[in-house]
There are 2 protein chains.
Amino acid sequence: MKVKEIAKALATTPDTVRYYTRLKFINPGKSDNGYKFYSTKDVSRLKFILSARQLGFSVDDIKQILGEADHGKTACPLVRTLIIERLAETERQFKAMLLLREKMTLAVSKWELMEDKAPTPHMVCHLIEGFEHTALEEDRK
Amino acid sequence: MKVKEIAKALATTPDTVRYYTRLKFINPGKSDNGYKFYSTKDVSRLKFILSARQLGFSVDDIKQILGEADHGKTACPLVRTLIIERLAETERQFKAMLLLREKMTLAVSKWELMEDKAPTPHMVCHLIEGFEHTALEEDRK
DNA sequence: ATAGACCTGTGCCTAAGACACAGGTCAAGC
DNA sequence: GCTTGACCTGTGTCTTAGGCACAGGTCTAT
């Protein structure tokens with residue numbers, strides 16, 4: 001298979017395939033014309049890579065995992081360790097986003113009712129500058 | 001104030017202050033010794049910038065907002081428009097993270113009970129490669 | 001023969017700073 | 001007066017996971 005074919009088969013882009021090829025995650029052969037050709041083994045490997053990405057593993061994680069596997073060792077313990085770390089990080093980000101979302105939603109609704117104001121040397125936009133203050137007042141109620 | 005002082009006063013880092021200074025978001029004066037000094041006006045501006053960042057505005061958004069304000073125009077309409085866009089984007093990301101988190105959590109619990117397996121040419125790690133398949137089976141129950 | 005679609009390798013771009021480095025400046029202690 | 005350490009300056013590079021551009025080679029259909 002050529003690069004566009006394998007990309008389409010696995011629902012990704014040629015650029016992504018080339019990226020992993022560059023990183024030597026997959027090692028396709030070469031035709032006489034210089035085109036790379038991807039075997040079914042390459043397809044399996046790429047499928048693995050894409051699945052791992054979808055599960056939240058980083059490209060560097062995948063490099064480590066492939067490193068183990070390519071030494072014939074089982075990567076399972078590493079995989080279990082890594083996903084726990086990634087999940088913890090995801091959890092942190094998730095909570096941060098939840099907070100941010102609430103904050104933004106509150107801002108949107110508050111700002112709908114407020115008038116416009118011209119800027120002053122010490123005030124760029126009273127909506128933003130006043131927000132934390134008024135938000136705190138709300139909390140106190 | 002010198003860079004470290006303003007940074008501490010606003011609970012940020014000197015690098016961040018220098019970054020916004022480089023972008024001309026704040027325009028401190030210069031002492032004879034070449035050190036920059038930040039006035040109370042610079043403090044207000046930086047405070048605004050940091051508040052806007054916390055509310056989910058991008059640095060480029062802030063550039064636009066400052067651009068309006070520095071022309072003496074009210075930035076409020078722009079601010080309202082931008083936050084709605086940012087909130088929509090945050091909402092998208094939030095939903096994606098929610099899904100990812102569930103997926104990862106499911107993977108962690110499933111993988112706890114599964115044995116390790118050595119890799120084969122067409123299978124790097126059966127935990128990952130088998131996940132989507134078994135996840136679908138679960139859904140069917 | 002030529003147009004258009006594909007391929008190659010290389011390299012730059014992203015966001016929001018963090019970090020490094022070479023060199024200048026200041027205050028304190030000796 | 002000198003050294004040491006903490007601070008400052010400007011500049012440049014690094015981070016993620018590819019996306020996009022470009023110059024040039026190759027295949028296919030007309």
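Proteins come first, then strands; the chains are lettered A, B, ... in the order of their sequence lines, and each starts at number 1. Quick note: numbers below take in every heavy atom, side chains included, and nothing from hydrogens, waters or symmetry partners.
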(request) Using the closest heavy atom to pick a nucleotide of DNA chain C for each, name whichever of B:D60 or B:D32 lands nearer the 5' end. (result) B:D60
(message) Heavy-atom nearest nucleotide on DNA chain C for B:T16 versus A:Y35: which residue maps closer to 5'?
(response) A:Y35
Side chain of [X] (C-beta onward), nearest among [options]:
X: A:R22; options: C:dC7, C:dG11, D:dT11; result: C:dG11
X: A:R18; options: D:dG19, C:dC6, C:dT8; result: C:dT8
X: B:K36; options: D:dG10, C:dA16, C:dT25; result: D:dG10
X: A:K4; options: C:dA16, C:dC6, D:dT9; result: C:dC6
X: A:R53; options: D:dG18, C:dA16, C:dT8; result: D:dG18

(request) Quick one: label B:Y20 by what it contacts on the DNA or RNA (base, sugar-phosphate, nothing), any heavy atom closer than 4.0 Å. (result) sugar-phosphate
(request) Answer with base, sugar-phosphate or nothing: what part of the nucleic acid does A:N33 contact at a heavy-atom distance below 4.0 Å? (result) sugar-phosphate
(request) Decide, yes or no, whether a salt bridge links A:R101 with B:E91 under the criterion of side-chain N to carboxylate O below 4.0 Å. (result) yes
(request) Could you tell me how the ring of B:F94 sits relative to the ring of A:F94: parallel (under 30°), tilted (30 to 60°) or perpendicular (over 60°)? (result) parallel
(message) Can you classify the ring geometry of B:W111 versus A:F57 as parallel (below 30°), tilted (30 to 60°) or perpendicular (above 60°)?
(response) parallel
From [atom1] of [X] over to [atom2] of [N], roughly how many Å is that when rounded to an integer?
X: A:L23; N: C:dT10; atom1: CG; atom2: C1'; result: 15 Å
X: A:L46; N: D:dG18; atom1: CG; atom2: P; result: 11 Å
X: B:F37; N: C:dT25; atom1: CZ; atom2: P; result: 17 Å
X: A:M1; N: C:dC7; atom1: CE; atom2: C1'; result: 16 Å

(message) If we count only N and O atoms by modelled type, under 3.5 Å, do the side chains of B:E68 and B:Q64 hold a donor and an acceptor together?
(response) no
